[in-house]
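Just follow the structure's listing: the first ligand is 1, and inside any ligand the first atom is 1.
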Amino acid sequence: MHDPGRVVIVGGGIGGLTLALALHRAGIASTVYEQHTLQADGSFQRRATGFTLWSYAIARLIDLGVNVERTGNPIETTEIRNQSGDLIAIMPVGDASRKLGAPSYEIRRGDLLAAILAELPEHTLKTGRACTAIREHADSVELEFEDGERTRADLVVGADGIRSIVREHVAGEIPLRYSGYSGASGVTRFTHRDLAPHTHVDVWGRGGKAGIADVGEEKIRWYLTWKGSEESQKSLDEILSRLEKWYSPVHAVVQTTPQTAIVQHAYYDIAPLQEWKRGNVVLLGDAAHATTPFAAMGANMAIEDAAELAALLCKASSTAEALKNFENSRKNRTEEIVKHGRRMSRLTQLHSPIAAWLRDQAFTHMPEQEMEKVALAMAAGE
Ligand SMILES: Cc1cc2nc3c(=O)[nH]c(=O)nc-3n(C[C@H](O)[C@H](O)[C@H](O)COP(=O)(O)OP(=O)(O)OC[C@H]3O[C@@H](n4cnc5c(N)ncnc54)[C@H](O)[C@@H]3O)c2cc1C
């Protein structure tokens, strides 16, 4: 097996920690530098958030020995509803996932990061360490941190998210593309008679969408989007008044969430990069292929990237060969996902009432077998 030498990972999010664990399982040590300090809930994102992980990504985490059962709830059903709450379609995600051999999950982000960390040797993760500069030398790569500390590595992996500093070193300055949508999200303790356990409800509105999902421990993760400028942050009152005529659990869950636990976002992606690597520096996850959340695939892709990169580093006869193979195997797939995110953004948030009505009619009359196929494709990541 090829030994990549000293591996440094910049960014302790889902991609960076999954890579550290996959390398550890293969007998390769690494150090992860994360800019934020660990919060009480195990997350670095400062406020609680969550995401959907489909069967194919959960299978990778289970293979790595992550205790996914402690990180969220398996999804049985995804309901698609219109703004007023009428049911448009049902996706049998549980059945589809069982066919693939691993459940799909609604995840509490902080708990997932904590579950991965629990499998890593102590001192793998160094928190409160923002990387500020990268320099390549003939025999190593040097990293500099905000506090002035420097370290050297044989291989550097940029898993530092959408605003990646490592990407700037690899590919130059890449502008973020604003999707035209902003939004808010939260995780809170909440129950409602209309919300079945193990269910994700996707509400396709006009000029925006919402989602509510059971993430276990009687907690609900929710998110909302609205069309507007990048700066269009809303006060809680503005959000609630916008939701007044929406499916009532959406209004109720937002109202229940403490204002300090609500995170506001502007949604971006990036155009495909020409290169994911430069010398012995490589990118993965959002740093390489940030997509809007509308395809619900970004975290899934980061996990897949991490598992694939570790496997290729083990198989190849040199780091250069592994990085080339990694870029070849992941570029097309992730570019398709970014495009899918853009299509889903348009479909699920149609502005025109007529277009939205036609979309809802089309889904309402879609045969059950078609929805089964959609569920299988989502759970398989196709
Ligand atoms: C509202 C919302 C909903 C989403 N829903 C889904 C979903 O349902 N399914 C899905 O698959 N994806 C979803 N996503 C996308 C998903 O969150 C991202 O794709 C995923 O987190 C990417 O993982 P990552 O490890 O590449 O980056 P991140 O999770 O962003 O992690 C990057 C880490 O690097 C650290 N970092 C950054 N710069 C530095 C530096 N200079 N030095 C040191 N550390 C640094 C950051 O602090 C962070 O911890 C959603 C995103 C949002 C905003």
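Against a heavy-atom cut-off of under 4.0 Å, N300 is close to the following atoms of ligand 1: 9 (N), 10 (C), 11 (O). Counting the atoms of ligand 1 from 1 in the order shown, those under 4.0 Å from a heavy atom of G161 are 27 (O), 30 (O), 32 (C). Heavy-atom proximity to G285, at under 4.0 Å, picks out these atoms of ligand 1: 26 (O).
Shown are T256, T257, L195; of these, the side-chain contact (heavy atoms from CB on, under 4.5 Å) with I220 is made only by L195.
Each salt bridge (Lys or Arg N to Asp or Glu O under 4.0 Å) pair with one or both residues in residues 50-77, not counting sequence neighbours, appears once here: E76-R98.
With hydrogens and angles left out, the side-chain atoms of R221 and T52 include a donor and acceptor closer than 3.5 Å. The closest side-chain donor-acceptor pair between S97 and S104 falls under 3.5 angstrom. A donor-acceptor pair shorter than 3.5 Å can be found between the side chains of H200 and E106. In the model, E230 has a side-chain atom that pairs as donor or acceptor with a side-chain atom of Y268 under 3.5 Å. No side-chain donor-acceptor contact under 3.5 Å links H289 and D269.
Between H265 and ligand 1, not a single N/O pair is under 3.5 Å apart. In terms of polar-atom proximity, defined here as any N/O pair under 3.5 Å, E34 does make such a contact with ligand 1. Here's the thing with A299: one of its N/O atoms is less than 3.5 angstrom from an N/O atom of ligand 1. Considering backbone and side-chain atoms alike, L284 places every N or O at 3.5 Å or more from each N or O of ligand 1.
Evaluation of the salt bridge (charged side-chain N to carboxylate O under 4.0 Å, His left out) rule for E335 yields K331 as partners, not counting sequence neighbours.
Within 6.0 Å of the NE2 atom in H123, the count of heavy atoms belonging to other residues, nucleotides or ligands does not exceed 12.
The residue among Q35, H36, H289, R167 with a heavy atom at the shortest distance from atom 36 (N) of ligand 1 is Q35. When C131, G158, G15 are ranked by how near their heavy atoms come to atom 41 (N) of ligand 1, first place goes to C131. Of all the listed residues (A159, P293, G298), P293 holds the heavy atom that lies closest to atom 2 (C) of ligand 1. In this structure, of F51, Y33, Y267, the residue bringing a heavy atom nearest to atom 7 (C) of ligand 1 is F51.
When non-hydrogen atoms are compared, ligand 1 lies under 4.0 Å from the side chain of I165 (C-beta onward) but not from its backbone. Using a 4.0 Å cut-off between heavy atoms, T49 makes no contact with ligand 1 at all.
Not a single heavy atom of Y223 sits under 4.0 Å from any atom of ligand 1. Contact annotation: R221 has at least one heavy atom less than 4.0 Å from an atom of ligand 1. Heavy-atom separations between R109 and ligand 1 include at least one value shorter than 4.0 Å.
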* Test salt bridge (Lys or Arg N to Asp or Glu O under 4.0 Å) on R242 and E244 and set out the steps. => CA-CA 6 Å; R242 177 185 153 75; E244 232 151 49; over 6 Å; no
